[in-house]
Amino acid sequence: MNAVNYELIKKDGKARRGRITTPHGTIETPVFMPVGTAATVKAMRPEEVKELGAEIILSNTYHLYLRPGHEIVKEAGGLHKFMNWDKPILTDSGGFQVFSLGDLRTITEEGVEFRSFIDGSKHMLTPEKSMEVQNALGSDIIMAFDECAPYPADRDYVKNSLERTTRWLKRCKEAHKDTDKQSLFGIMQGGMYQDLRKQSAEEIVALDLPGYAIGGLSVGEPKDIMCEVLDYAVDYLPENKPRYLMGVGTPDYLFEGVERGLDMFDCVLPTRIARNGTAMTSAGPVNIKNAKFEKDFTPLDHECDCYTCKNYSRAYLRHLFKANEMMSSMLLSNHNLHFLVNTMEKIRKSIEENRFMEYKEEFYKKYGYL
RNA sequence: GUGGGUGUAGUCAAGUGGUUAAGACAACGGGUUGUGGCUCCGUCAUGCGUGGGUUCGAAUCCCAUCACCCACC
């Protein structure tokens with residue numbers, strides 16, 4: 001028995017309604033996972049994150065390794081205790097930072113040598129090291145240390161990075177010890193090439209892991225390209241394991257992902273754009289900075305019952321943002337997270353009732369995608 | 001009333017005869033997808049208090065005038 005297990009409850013087309021069990025509780029899927037990179041969902045108290053309905057959050061190996069250091073988190077009693085979050089946690093492996101911190105690192109077969117963005121010091125992240133750090137953090141789901149190819153990238157580059165990702169995955173699996181407390185998810189690469197996606201999937205699925213992610217998407221490619229990749233890529237993954245689309249978080253992508261059989265999503269977008277003054281609402285994005293909201297005393301989203309919408313007006317939120325008040329980040333983050341988590345809840349219900357596509361169309365119409 | 005000083009965008013200002021008048025803040029608009037982000041990118045003075053004049057050319061020099069500030073009566 002793995003630490004993390006998946007149960008498929010119902011299907012509506014390819015959309016799946018499922019349940020993931022972990023040492024820290026169960027997760028209803030499809031699920032949206034708020035991101036808390038540095039052991040905090042920025043501008044949010046854990047109680048709030050829980051209250052708005054999030055069942056699992058993400059944190060980050062690379063960032064916690066550099067600061068405060070995984071030994072300290074371990075000494076604190078693990079990440080759950082350290083950050084006061086007793087529900088499931090998924091940690092990313094640091095693979096994506098290798099990609100996003102591009103100019104500060106060198107990739108070799110052994111691993112990735114990089115310079116700290118904090119103080120410039122040199123470090124080496126390898127599959128083994130990533131497992132060690134994630135083990136110290138004590139997260140429920142740990143991710144394989146992969147190499148995320150950029151977009152666009154030529155075939156040879158993508159093929160090499162996918163094959164290295166497989167070799168690294170084998171090393172991750174070998175180094176991963178506490179299989180009864182944490183589960184390792186593999187990551188598919190292969191860029192925008194169908195045969196390479198197939199090759200990557202076959203290689204990682206052969207290792208029989210408790211879950212699989214699709215990586216290398218949402219890296220700047222157009223939406224239709226990503227959907228095209230998802231159209232075939234998801235089918236290369238086993239039905240009885242959770243499928244996680246990494247880094248996806250605009251509402252439309254969530255729907256497209258669920259429609260193609262994905263179960264898990266994460267994204268910094270809701271909290272990041274919140275801090276920069278944008279809200280996601282049922283009627284589409286609202287840029288609270290706009291002058292037209294100066295005297296708009298109505299709530300952000302008329303259909304929303306989150307703490308922010310129940311108690312504050314657009315005019316007030318605009319004022320907070322313009323005045324550089326931290327409540328602006330707090331209130332907008334709360335709303336955006338609630339919006340995505342709540343949308344996922346509605347998606348789950350629609351799958352249960354066999355009307356996912358109807359709900360998708362309804363949502364798109366209101367949001368302004370159609 | 002006398003002497004001195006200052007007037008450049010909403011604000012603070014650079015510029016002291018030579019191409020389309022720095023910059024910052026504010027304002028306005030946009031971006032953001034496994035977080036190097038309270039961030040990044042755009043737009044924003046046909047005009048330099050006003051009116052004349054000198055000059056090939058004036059925010060820059062001259063005259064007048066107005067406003068404000070500081071001293072002294």
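Every chain is numbered from 1, with letters handed out A, B, ... down the list of sequences.
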> Counting only Watson-Crick or G-U wobble pairs whose two distances fall under 3.5 Å, which nucleotide matches B:rC68?
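In the structure as shown, B:rC68 has B:rG5 as its Watson-Crick or wobble partner.
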
> Applying a 3.5 Å limit to both distances, which nucleotide forms a Watson-Crick or G-U wobble pair with B:rA59?
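Here B:rA59 is not engaged in any pair, so there is no nucleotide opposite it.
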
> Considering only atom C1', compute the distance from B:rC44 to B:rU50 and round it to an integer number of Å.
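Their C1' atoms lie roughly 25 Å apart.
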
> A:F321 has an atom CZ; how far is it from atom C1' of B:rG29, in whole Å?
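Rounding to the nearest Å, CZ of A:F321 and C1' of B:rG29 are 13 Å apart.
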
> Write down the partner of B:rU35 under the Watson-Crick or G-U wobble criteria, each distance required to be under 3.5 Å.
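Paired with B:rU35, as far as the under-3.5 Å criterion goes, is no nucleotide at all.
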
> With A:K360 as the cation and A:Y364 as the aromatic partner, state whether NZ or CZ is under 6.0 Å from the six-membered ring centre and within 45° of the axis.
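Positive - A:K360 is close enough to the ring of A:Y364 and near enough to its axis.
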
> Any side-chain N or O of A:R318 under 4.0 Å from OP1/OP2 of B:rC28?
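A:R318 to B:rC28 OP1/OP2: side-chain N or O found under 4.0 Å.
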
> Given B:rG29, B:rG37, B:rG34, which nucleotide is nearest the side-chain atoms of A:R275?
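Taking heavy atoms from C-beta onward, the closest nucleotide is B:rG37.
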
> Identify, between A:N324 and A:V219, the residue whose nearest nucleotide on RNA chain B lies closer to the 5' end.
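Comparing both residues, the 5'-ward one is A:V219.
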
> Using the P atom in both, what is the distance from B:rA59 to B:rC48, to the nearest Å?
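Between the two P atoms, the distance is 7 Å.
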
> With distance as the sole criterion, do the side chain of A:K289 and the base of B:rG29 form a donor-acceptor contact below 3.5 Å?
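When only heavy-atom distances are counted, A:K289 does not reach the base of B:rG29 through any donor-acceptor pair under 3.5 Å.
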
> Which of these, A:R164, A:R105, A:R167, sits in a salt bridge (Lys or Arg N to Asp or Glu O under 4.0 Å) with A:E147?
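For A:E147, the salt bridge (Lys or Arg N to Asp or Glu O under 4.0 Å) test succeeds with only one of A:R164, A:R105, A:R167, which is A:R164.
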
> Would the base of B:rU35 count as contacting A:S100 through its side chain, where contact means a donor and an acceptor less than 3.5 Å apart?
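There is none.
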
> Does B:rG17 have a Watson-Crick or wobble partner in any strand here, with both distances under 3.5 angstrom, and which is it?
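With both distances under 3.5 Å required, B:rG17 matches none.
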
> Please find out if less than 6.0 Å separates the ring center of A:Y253 from that of A:F265.
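No.
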
> Taking the C1' atom in each of B:rA45 and B:rA24, what is the distance between them to the nearest angstrom?
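Straight-line distance between the two C1' atoms is 16 Å.
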
> Classify the nucleic acid contact of A:S329 as base, sugar-phosphate or nothing, counting any heavy atom under 4.0 Å across all strands shown.
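Nothing, no heavy atom under 4.0 Å.
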
> Please measure how far the C1' atom in B:rU11 lies from the corresponding atom in B:rG3, and state the result in whole Å.
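Straight-line distance between the two C1' atoms is 31 Å.
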
> Between A:F255 and A:F363, does the ring centroid distance fall short of 6.0 Å?
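Ring centroids of A:F255 and A:F363 are less than 6.0 Å from each other.
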
> Using only side-chain N and O atoms of A:K223, determine if any of them is under 4.0 Å from OP1 or OP2 of B:rU33.
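False: A:K223 side-chain N/O out of range (4.0 Å or more) of B:rU33 OP1/OP2.
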
> Can you check the distance between B:rG18 and B:rG57, where both ends of the measurement are the P atom (answer in whole Å)?
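Going atom to atom, P in each nucleotide, I get 14 Å.
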
> Centroid-to-centroid, A:F117 to A:H63, below 6.0 Å?
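Distance test on ring centres: under 6.0 Å, yes.
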
> With both distances under 3.5 Å as the test, what is the Watson-Crick or G-U wobble partner of B:rA27?
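In the structure as shown, B:rA27 has B:rU43 as its Watson-Crick or wobble partner.
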
> Looking at the base of B:rU32, is there any donor atom on it, or on the side chain of A:R272, that sits under 3.5 Å from an acceptor on the other one?
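When only heavy-atom distances are counted, A:R272 does not reach the base of B:rU32 through any donor-acceptor pair under 3.5 Å.
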
> Looking only at atom C1', what distance separates B:rC61 and B:rC56, rounded to whole Å?
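Comparing C1' positions in B:rC61 and B:rC56 gives a spacing of 16 Å.
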
> Using only heavy-atom distances, decide whether a donor-acceptor pair under 3.5 angstrom links the side-chain of A:N276 to the base of B:rG37.
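By the distance-only test, no, there is no pair.
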
